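Notes follow the structure.
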Amino acid sequence: MGFNKDAIADNIAENLLTIKAITLNPAQPFQWSSGWYSPIYCDNRVALSYPALRTTIKNALADLIRLEFPQAEGIAGVATAGIAQGALVADTLELPFAYVRPEPKKHGMGNQIEGRVETGQKVVMVEDLISTGGSSIKAADALRSNGIDVIGTVAIFSYAFDIATANFEAAGIPLRVLSNYEKLIPIALEMGYITQDQISLLSTWRLAPDRWGKSSVC
């Protein structure tokens, strides 16, 4: 049957909306720790509580890796949300698994990479959500500094910011995602989560998320 990217993207977006892992509220935006205002809140960890969807995501990520990165020799989850997803995917692919902390531990062995990965090993990183890509690239830097060959990153969902695309390209890391913000919006409209007159506002946010709040929030 093959890997139908469009069908998978639509299915994932619909399911994340249904279980409220993704919430859209352009009238009362959320504020991120960066200070940016956002009409969307995404917490894909909620999907772990739904066995059928958890399995769908796990299998889709595994299939994506088989398709795009068949040379993968290991999986690395990006802490913290990528740990569970990465472990599930590694188990499905029967590959070694490790995870990467945001920074080295301040006690014990002082590890930043937990698990065993070998010098020269080809590794795919697993993330649950891509915003600017900063945490992923920081994790890739930690892996590379230990001699690991990071051949790509896969994620459940991306906001599809231009800055994320530029960051991954600059780091030389191919990025592949199951679904994204552009796929989500028409499905949210069809499901009645948003109205037609909110589409323009939502589209403007994705194009300039750092400036959107300054003009859109009173």
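What you see below is based on every heavy atom in this structure, not just the backbone, and it leaves out hydrogens, waters and symmetry mates. Values in this document were obtained by computation on a predicted structure and should not be read as measured data. Start at 1 with the first residue, then count along the sequence.
Under a hydrophobic-cluster definition in which Ile, Leu, Val, Met, Phe, Trp and Tyr are linked whenever side-chain heavy atoms come within less than 4.5 Å, directly or via other members, Leu88 and Val124 are assigned to different clusters. Note: the hydrophobic cluster containing Val78 does not contain Leu129 (ILVMFWY, side chain heavy atoms under 4.5 Å, direct or indirect links). Residues Ile65 and Ile156 share a single hydrophobic cluster, defined by chaining ILVMFWY side chains whose heavy atoms lie under 4.5 Å apart. There is no path of hydrophobic side-chain contacts, each under 4.5 Å, that joins Ile8 to Leu175. No continuous path of ILVMFWY side-chain contacts below 4.5 Å connects Val126 to Val117, so the two sit in separate hydrophobic clusters.
Note that the CD1 atom of Ile75 and the CZ atom of Phe69 stand 10.0 Å from one another [nearest 0.5 Å]. With rounding to the nearest 0.5 angstrom, the CG atom of Leu48 is 7.5 Å from the CD1 atom of Ile57. Residue Leu189 holds its CG atom at 11.0 Å from CG of Leu184, rounded to the nearest 0.5 Å. Atom CG of residue Leu24 and atom CH2 of residue Trp205 lie 9.0 Å apart, to the nearest 0.5 angstrom. Rounding to the nearest 0.5 Å places OG1 of Thr18 at 5.0 Å from OH of Tyr193. Taking CG of Asn167 as the reference point, atom CD1 of Ile173 lies at 10.0 Å (rounded to 0.5 Å).
The nearest pair of heavy atoms linking Arg176 to Pro174 is NH1-CB, 3.9 Å. Heavy-atom minimum distance, Ala76 versus Leu143: CB-CD1, 4.0 Å. For Phe168 against Gly133, the heavy-atom pair with the smallest separation is CE1-CA, 3.6 Å. Contact record, Ala9 with Ser179: O-OG, 2.8 Å, taken as the closest heavy-atom pair. Counting all heavy atoms, side chain and backbone alike, Gly77 lies closest to Phe97 at N-CE1, 3.4 Å. Minimum interatomic distance between Ser136 and Ile130 (heavy atoms only, all atoms of both residues): OG-CD1, 3.6 Å.
Using a distance-only test at 3.5 Å, with no hydrogens or angles considered, no donor-acceptor pair links the side chain of Tyr99 to the main chain of Gly86. Asn111 places no side-chain N or O within 3.5 Å of a backbone atom of Glu114 that could act as its donor or acceptor partner. Panel note: side chain Trp212, backbone Leu207; no donor-acceptor pair is recorded below 3.5 Å. Panel note: side chain Asn44, backbone Asp128; a donor-acceptor pair is recorded below 3.5 Å. For Arg101 (side chain) and Gln112 (main-chain N/O), no donor-acceptor pair under 3.5 Å exists by modelled atom type. Gln28 places no side-chain N or O within 3.5 Å of a backbone atom of Asn25 that could act as its donor or acceptor partner. A distance-only check finds no donor-acceptor pair linking the side chain of Asn146 to the backbone of Ile148 [under 3.5 Å].
Glu190 has its side chain out of reach of Glu14: every pair of non-hydrogen atoms, C-beta onward, lies at least 4.5 Å apart. Residues Gln198 and Pro39 fail the side-chain proximity criterion, which asks for heavy atoms closer than 4.5 Å. In this structure the side chain of Asp149 never reaches within 4.5 angstrom of the side chain of Gln71, judged on heavy atoms. Residues Lys20 and Val46 have side chains not in contact (no heavy-atom distance under 4.5 Å, counting atoms from C-beta outward).
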May I have the step-by-step check of side-chain contact (heavy atoms from CB on, under 4.5 Å) for Ile185 and Ser203, ending in yes or no?
CA-CA 9 Å; Ile185 296 306; Ser203 299; 5.6 Å; no
Test Phe3 against Arg66 for side-chain contact (heavy atoms from CB on, under 4.5 Å), laying out the working first.
CA-CA 10 Å; Phe3 188 86; Arg66 290 188 186 103; over 6 Å; no
With side-chain contact (heavy atoms from CB on, under 4.5 Å) as the test, would you mind laying out the steps for Asp210 and Ile163 before giving the verdict?
CA-CA 11 Å; Asp210 57 331; Ile163 189 174; over 6 Å; no
Check step by step if side-chain contact (heavy atoms from CB on, under 4.5 Å) holds for Leu95 and Glu73.
CA-CA 6 Å; Leu95 290 175; Glu73 298 170 330; 5.5 Å; no
Could you walk me through whether Asp141 and Lys138 pass the salt bridge (charged side-chain N to carboxylate O under 4.0 Å, His left out) test, one step at a time?
CA-CA 5 Å; Asp141 288 342; Lys138 186 176 179 181; over 6 Å; no
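Here Trp36 and Phe30 keep their ring centres 6.0 angstrom or further from each other. Ring centroid separation for the pair Tyr159 and Trp32 comes in under the 6.0 Å cut-off.
Neither side chain, Glu127 nor Ser158, offers a donor N or O lying under 3.5 Å from an acceptor on the other. Under 3.5 Å, the side chains of Asn11 and Asn15 contain a donor-acceptor pair of N or O atoms.
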